[in-house]
Amino acid sequence: MSVDEKTVRRIAHLARIAVAEDEVAPLQGELNAILAFVEQLSAVDVTGVEAMTSVTPMAMKKRKDVVTDGGRAVDVVANAPETEDHYFLVPKVVE
């Protein structure tokens with residue numbers, strides 16, 4: 001795939017980048033080099049290779065899925081202006 005000057009201008013417009021006329025040709029060369037590299041990558045045979053999310057093997061830390069009350073109800077309502085039995089008291093707004 002090759003990028004022409006019109007495409008360079010279009011990409012610059014979509015990226016909201018101001019590109020002067022004398023910068024179009026160098027950008028065209030850079031974009032063509034990037035696309036050539038991507039084409040090289042697509043030629044690599046990756047059958048049987050497991051997808052990776054990192055270059056180092058990692059195991060996700062998991063905790064047991066247990067429902068608890070948190071045991072911190074007193075701490076949660078400690079700064080509330082008014083509470084009752086670990087609930088926030090608020091003024092009635094609907095009659």
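Since we're looking at a predicted model, the values are computed, not measured.
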- Item | side chain to side chain donor-acceptor pair (under 3.5 Å) involving Thr83 - partner list, sequence neighbours excluded | none

- Which residue pairs satisfy the side chain to side chain donor-acceptor pair (under 3.5 Å) criterion with at least one member in residues 32-45, sequence neighbours excluded? Asp45-Thr47

- Message: Holding to side chain to side chain contact (heavy atoms under 4.5 Å, CB included), I want the full list of residues that pass it with Phe88, two or more places apart in sequence or in another chain.
- Response: Val76, Val77, Ala80

- What residues join Leu14 in its hydrophobic cluster, counting side-chain heavy atom gaps under 4.5 Å, either direct or through other members? none

- Under 6.0 Å from the CG atom of Asp75, do we count more than 12 heavy atoms belonging to anything else shown? yes

Under 3.5 Å, sequence neighbours excluded: what are the donor-acceptor pairs made by side chains of residues 54-67?
unit_1 : atom_1 : unit_2 : atom_2 : d
Ser54  : OG     : Thr56  : N      : 3.3
Ser54  : OG     : Thr56  : O      : 3.4
Ser54  : OG     : Thr56  : OG1    : 3.4

Donor-acceptor pairs under 3.5 angstrom involving side-chain atoms of residues 17-25: please list them, not counting sequence neighbours.
unit_1 : atom_1 : unit_2 : atom_2 : d
Glu21  : OE1    : Arg9   : NH2    : 2.9
Glu21  : OE2    : Arg9   : NE     : 3.4
Glu23  : OE1    : Ala20  : N      : 2.9

- Mind checking the CD1-CD spacing from Ile11 to Gln28? Nearest 0.5 Å is all I need. 10.0 Å

